[in-house]
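In what follows, a single structure is set out as C-alpha cells and then discussed.
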Amino acid sequence: MIGLVDCNNFYVSCERVFQPRLEDMPVGIMSNNDGCVIARSSELKALGVEMGTPAFQLQQWVNQGRIRLLSSNYELYGDMSARVREVLEEFSAGVEPYSIDEMFVRFDGFDDEATLDLARTLYRKVRQFTGIPVCVGVAPSRTLAKLANRAAKKRPEYGGVCMLKGSDDATRHLLEKTELGDVWGVGRRLVERLAIQDIKTAWDLCCADPKTIRRRFSVTLERTVRELQGTPCSEMNDSDESRQRIMTSRSFGRLTGEPSELRAAIRQHAQRSAEKLRAQQNHARAVLVFLKTNRHRQDLAQYSPSVVTELPEPTADSRTIIAAAQQALEAIYQPGYRFMKAGVMLLDLVDANREQRSLLDSPDHAANRERSERLMSTLDELNQKMGRGTVRLGIPRQNAAWHLRCAHRTPRWTTQWDELPSAKA
C-alpha cells in the first residue's frame, strides 16, 4: 500500500502557522510581482474568488478589510515543506516528494488495520509538529491514492483519512462518482476522446481492457487503467536525481532597459544557478542567457534574444559562470528596448565527481581548481548558516527595477530546527 499526504491550502497554511490571526479569515497568496491570486484559503474560495484572479480586482475588498492578500514567500514554503517531510520520515520507511505540498509515503509490511492506524497517525502528527493540516489517501497504487486523498479532502465522513483496497465496494462506489477529468494524468482532450468510446467515469476507465486502451490511445493511459484496477505501474522520479539543466529566471518589478540593472539581474541569476549546480554536485560546460520584452505591450518595440556561451572548462565556480553570463549579456543587449524578464540557464551538466581531467593539466591549474572548490564551499556554507544572499558577488542591495514587487510579504521565518529560539532556550 502507498499513501499520499497532501497539505491543505499549503501556502495559506504556512502563513497561518506564524500568524494565527489569519485563521478563519479569507486569505489569498499572490504570484510574483503581486500579480494574481495563486493560492486561496477555503474562506476565500467560498467568496467566489477564482484561481488566477488579478489582485487589483480584489483591492476594494482588501481596503474594506474583508480579505487579506499576501505576497508569495517561497523560502518559507520550502522550509515548511521540508519540515513536513521530516515528520513523515520519522514514521515511514520511504517518503517520495511529488510536489512542494504532496508526498507519497510507503506502507510496506503492514496489514490493513495497521496501515489505517499509521495513516491516521501521520494525519495527527504532521499537524501537531508543524501546524500544517493535511489529508491522507491510501491505496494499492499511486493513481488510486490520489483519488483516495481527494475523497479524504472533499468528504467529511472520512475524517481526513481515506483508504481504498482496490477491489472492494468502497473503491467501486468512489470510482463511479469520479469524473474522468479528476483522474490523475487524464487531461481535457483525452476526456473528449474517451467520451467517444463511451468512457465517461473513472469506473468506466477502470473496466476498460488495458491492451485495447494501449492500442487506441497510449501506453501511459494503459498504465492508468491498470493503476485504477489496483496494480501499481508508475514510479516516482528519484528526488535525488540530478537535473540535466538548471535555470534561474524572474520577471522584473517594472520594465527596464538600463544596462546596469540588467547586469545586476543576470549576475544574481547566474550566482543562484551556480549554487544549485554545486548543490547537486555537477559542473556546467555552457551558459545560456536570455532577455524578454513584454509581448502584450504592442506599443513597445519587441526583442527577445538569447545566446549560449561555452565555458573554458566544466566548472561550478560562481565567478566563472557570472563572467560568462555577463559576456553573453553584452553580446545580446541592444539599447532602445524595455525588458520584462531575464534568465540564466546552465547547460551540458556533468558529474563533478566523475569529470574527465586533462592529462595536460599543470600543478598550478590543479591548485587553482582546488582553491576554487574550497572558496565556493565556504561561500555556500556561510549562506546556508546565515541565510541565502548573506555573501554575494557584487550584487547591489538597493531596490532596483529587476527586484520583484512583494509589498505584502511576511517575514521568511526559515530556520533549521536547532536554530529556533525556543530550541535554544
Side-chain angles (χ1 to χ4, degrees), residues 1-20 22-23 29 39 72-110 114-138 142 145-146 148-149 152-153 160-163 235-243 275-276 278-281 380-388 390 410-425:
M1 301 288 278
I2 189 165
L4 177 65
V5 179
D6 185 9
C7 303
N8 300 338
N9 305 322
F10 181 60
Y11 290 175
V12 174
S13 296
C14 290
E15 301 287 354
R16 284 174 168 172
V17 168
F18 297 94
Q19 299 187 86
L22 296 179
E23 291 288 346
I29 306 299
S72 52
N73 193 341
Y74 295 110
E75 290 85 353
L76 171 63
Y77 309 148
D79 183 67
M80 294 303 293
S81 178
R83 296 184 186 191
V84 171
R85 179 175 179 177
E86 287 179 7
V87 174
L88 296 179
E89 287 176 341
E90 289 186 13
F91 297 91
S92 173
V95 177
E96 300 173 342
Y98 175 62
S99 65
I100 192 172
D101 62 341
E102 293 179 281
M103 300 181 194
F104 286 107
V105 180
R106 295 186 182 277
F107 290 93
D108 301 335
F110 295 96
T115 296
L116 185 57
D117 288 342
L118 180 55
R120 289 170 176 164
T121 298
L122 295 180
Y123 172 80
R124 296 191 305 269
K125 294 300 183 180
V126 172
R127 182 62 183 267
Q128 177 184 349
F129 293 147
T130 69
I132 302 295
V134 300
C135 286
V136 183
V138 183
R142 287 171 174 78
K146 287 279 270 187
N149 187 280
K153 185 174 295 187
V161 178
C162 174
M163 187 174 79
E235 289 292 335
M236 295 296 299
N237 293 329
D238 187 351
S239 60
D240 296 325
E241 183 180 353
S242 297
R243 290 169 286 180
E275 291 173 353
K276 297 177 183 178
R278 293 192 294 272
Q280 68 177 38
Q281 297 185 351
D380 292 337
E381 184 178 348
L382 287 172
N383 283 330
Q384 184 177 10
K385 182 178 297 184
M386 307 301 296
R388 182 187 301 172
T390 301
T410 54
R412 297 182 182 180
W413 291 303
T414 50
T415 59
Q416 299 295 325
W417 283 106
D418 57 355
E419 293 176 356
L420 290 173
S422 59
K424 291 181 179 180

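Taking both residues in full, the closest heavy atoms of P133 and R127 are given as CB-NH1, 3.3 Å, listed atom of the first, atom of the second, then distance. Between C162 and A148 the shortest heavy-atom distance is CB-O, 3.3 Å. Heavy-atom minimum distance, A119 versus V161: CB-CG1, 3.7 Å. Closest non-hydrogen pair, M80 versus C14, comes out as CB-SG, 3.6 Å. The minimum heavy-atom distance between I2 and A145, with the atom names listed, is O-CB, 3.8 Å. Minimum interatomic distance between S81 and M103 (heavy atoms only, all atoms of both residues): O-CE, 3.3 Å.
Put simply, OH on Y77 and CD1 on I29 are 4.0 Å apart, with the number rounded to the nearest 0.5 Å. Here CE of M1 is found 8.5 Å from CZ of F107. Values are rounded to the nearest 0.5 Å. To the nearest 0.5 Å, the span separating CG on D6 from OG on S99 amounts to 7.0 Å. Note that the CD atom of E23 and the CD atom of E15 stand 12.0 Å from one another [nearest 0.5 Å].
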Give the intermediate values and the outcome of side chain to side chain contact (heavy atoms under 4.5 Å, CB included) for residues L122 and V134. CA-CA 9 Å; L122 295 180; V134 300; over 6 Å; no

Can you check side chain to side chain contact (heavy atoms under 4.5 Å, CB included) on R120 and R124, steps first, answer last? CA-CA 6 Å; R120 289 170 176 164; R124 296 191 305 269; 3.9 Å; yes

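Residues I100 and Y11 meet the side-chain proximity criterion, which asks for heavy atoms closer than 4.5 Å. Under the 4.5 Å side-chain criterion, counting only non-hydrogen atoms from C-beta, K125 is not in contact with E90. Using a 4.5 Å heavy-atom cutoff, the side chains of K146 and R142 are not in contact.
Atom CD of E381 has 12 or fewer heavy atoms from other residues, nucleotides or ligands within 6.0 Å.
The main-chain N or O of D117 is found under 3.5 Å from a side-chain atom of T121 such that the two form a donor-acceptor pair.
Of the listed residues (D101, T130, I132), just one forms a side-chain contact (heavy atoms from CB on, under 4.5 Å) with S13, and that residue is I132.
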